[in-house]
Undergrad: 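Take a look at this one; I'll ask things after.
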Amino acid sequence: MGFPPEFTAGSSVLILGSFPSVQSRKQSFYYGNRQNRFWKMLYGFFGEPLQEGVEEKRAFLRAHGVALWDIVVRCEIEGSADASIKNYEVADIPSLLAKTAVRRILLNGTAAYDIFRERYAGIGVPYFRMPSTSPANPRYSEAVWHAALAETFGAK
C-alpha cells in the first residue's frame, strides 16, 4: 500500500512517483532511500539546506506549494523494482487536482509516466516525464528538474 498524498489547496505542482521503495515503506514517507536524489534536488532548487525529518519535509512541501504522491497506490511489487509492478491500482488524480491549484504535473521516471498516460493522458493539466531521481538511473539530470520547476515557480 502506498502513502496518502501530501498537498495543500495552494499546491501548484504535483510530483508523481511510481510506488514507494522498500526504504520509503520502512520510513512510511516518500523517497526514503538516502541515495535517491529527490530531496537533495528539491531542496536545492529552493536554495534551502536539506532536512532529514519527515515532519520537516512535510512543512517544506507545504511552504513551497509542492504536492507529492505516487501514481500507484496499491500493487504487487518485488523489492523496489518498478519493472515488477503488477496488479496495480492507480491514484485518483482528478480528485486531488480538484482540491488544489496544481497547474503542472511532473512524473518522476518512465514507469510513473507510462502508468499515468495509460489512465490520464487527456487530463487537461500539462504533464512531463522527468528523469528518475532513483540512484539506479544513470541518466538523471538535476538541470532538467530545475528547469521544469522553474516553469512553475520562476527561476530560483
Undergrad: Given side-chain contact (heavy atoms from CB on, under 4.5 Å), test Leu97 with Val125 step by step and report yes or no.
TA: CA-CA 9 Å; Leu97 295 178; Val125 173; 3.9 Å; yes
Undergrad: So which atom in Phe153 and which in Ser12 form the shortest heavy-atom distance, rounded to 0.1 Å?
TA: CE2-OG, 3.3 Å
Undergrad: Flag the pair Phe60 / Phe46 as yes when their ring centroid distance falls below 6.0 Å, and as no otherwise.
TA: yes
Undergrad: As an exercise, state the distance from CZ of Arg25 to OH of Tyr30, rounded to the nearest 0.5 Å.
TA: 13.0 Å
Undergrad: Rounded to the nearest 0.5 Å, what separates atom CG in Leu14 from atom OG1 in Thr152?
TA: 10.5 Å
Undergrad: Check whether any side-chain heavy atom of Ile15 sits under 4.5 Å from a side-chain heavy atom of Val66, and report yes or no.
TA: yes
Undergrad: So which heavy atom on Ala112 is nearest to which on Leu16, and how close?
TA: CB-O, 3.7 Å
Undergrad: Applying salt bridge (charged side-chain N to carboxylate O under 4.0 Å, His left out), name anything that partners Glu118, two or more places apart in sequence or on another chain.
TA: none
Undergrad: Determine whether Leu50 and Leu42 make a side-chain contact, defined as any pair of heavy atoms from C-beta on separated by less than 4.5 Å.
TA: no
Undergrad: Using salt bridge (charged side-chain N to carboxylate O under 4.0 Å, His left out) as the criterion, list what pairs up with Arg103, not counting sequence neighbours.
TA: none
Undergrad: For Phe128, which residues count as a ring-ring contact (aromatic ring centres under 6.0 Å, His included) partner, sequence neighbours excluded?
TA: none
Undergrad: Between the side chain of Ser132 and the main-chain N/O of Gly109, is any donor-acceptor distance below 3.5 Å?
TA: no
Undergrad: Taking only residues two or more places apart in sequence, or in another chain, which ones meet Gln35 in a side chain to side chain donor-acceptor pair (under 3.5 Å)?
TA: none
Undergrad: Report the residues that fulfil side chain to side chain donor-acceptor pair (under 3.5 Å) with Glu48, sequence neighbours left out, ordered by chain and then residue number.
TA: His64
Undergrad: Sequence neighbours left out, what passes side-chain contact (heavy atoms from CB on, under 4.5 Å) with Thr8? Give chain and number order.
TA: Ser11, Arg62
Undergrad: With sequence neighbours left out, what residues match Lys99 under side-chain contact (heavy atoms from CB on, under 4.5 Å)?
TA: Phe7, Ser95
Undergrad: Is the side chain of Tyr127 donor-acceptor paired with the backbone N or O of Arg117 at a distance under 3.5 Å, no angle test?
TA: no
Undergrad: Report the C-alpha distance between Phe29 and Phe3 in whole Å, list the side-chain angles of each, state the deciding distance to 0.1 Å, and finish with yes or no for ring-ring contact (aromatic ring centres under 6.0 Å, His included).
TA: CA-CA 7 Å; Phe29 198 66; Phe3 309 134; 7.0 Å; no
Undergrad: Of all residues at least two apart in sequence or in a different chain, which pass the salt bridge (charged side-chain N to carboxylate O under 4.0 Å, His left out) check with Arg34?
TA: Glu52
Undergrad: What is the distance from atom NZ of Lys57 to atom CG of Leu68, rounded to the nearest 0.5 Å?
TA: 10.5 Å
Undergrad: Who passes side-chain contact (heavy atoms from CB on, under 4.5 Å) against Gln51, sequence neighbours left out?
TA: Tyr43, Pro49, Glu56
Undergrad: Taking only distance into account, with no hydrogens and no angle test, what donor-acceptor pairs under 3.5 Å do side-chain atoms of residues 142-150 form with protein atoms, sequence neighbours excluded?
TA:
| from | atom 1 | to | atom 2 | distance (Å) |
| --- | --- | --- | --- | --- |
| Trp145 | NE1 | Pro131 | O | 2.8 |
| His146 | NE2 | Met41 | O | 3.2 |

Undergrad: Using side-chain contact (heavy atoms from CB on, under 4.5 Å) as the criterion, list what pairs up with Val90, not counting sequence neighbours.
TA: Ile71, Tyr88, Ile115, Arg119, Tyr120
Undergrad: Could you tell me whether the side chain of Asn33 and the main chain of Gln23 form a donor-acceptor pair under 3.5 Å?
TA: no
Undergrad: Quick test of your reading: applying salt bridge (charged side-chain N to carboxylate O under 4.0 Å, His left out), list the pairs with at least one residue in residues 1-22, sequence neighbours left out, ordered by first then second residue.
TA: Glu6-Arg58
Undergrad: Output the distance between atom CD1 (Ile93) and atom CD1 (Ile105), rounded to the nearest 0.5 Å.
TA: 6.5 Å
Undergrad: How about Ser134 and Asn36: does a side-chain donor come under 3.5 Å of a side-chain acceptor?
TA: no
Undergrad: side-chain hydrogen bond (donor to acceptor under 3.5 Å, both in side chains) for Asn108 and Tyr31? Distances and angles first, verdict last.
TA: CA-CA 11 Å; Asn108 192 352; Tyr31 302 102; 3.0 Å; yes
Undergrad: Once rounded to the nearest 0.5 Å, what's the spacing between atom OG of Ser24 and atom CZ of Phe38?
TA: 10.5 Å
Undergrad: Roughly how far apart are Met130 CE and Leu107 CG, rounded to 0.5 Å?
TA: 9.5 Å
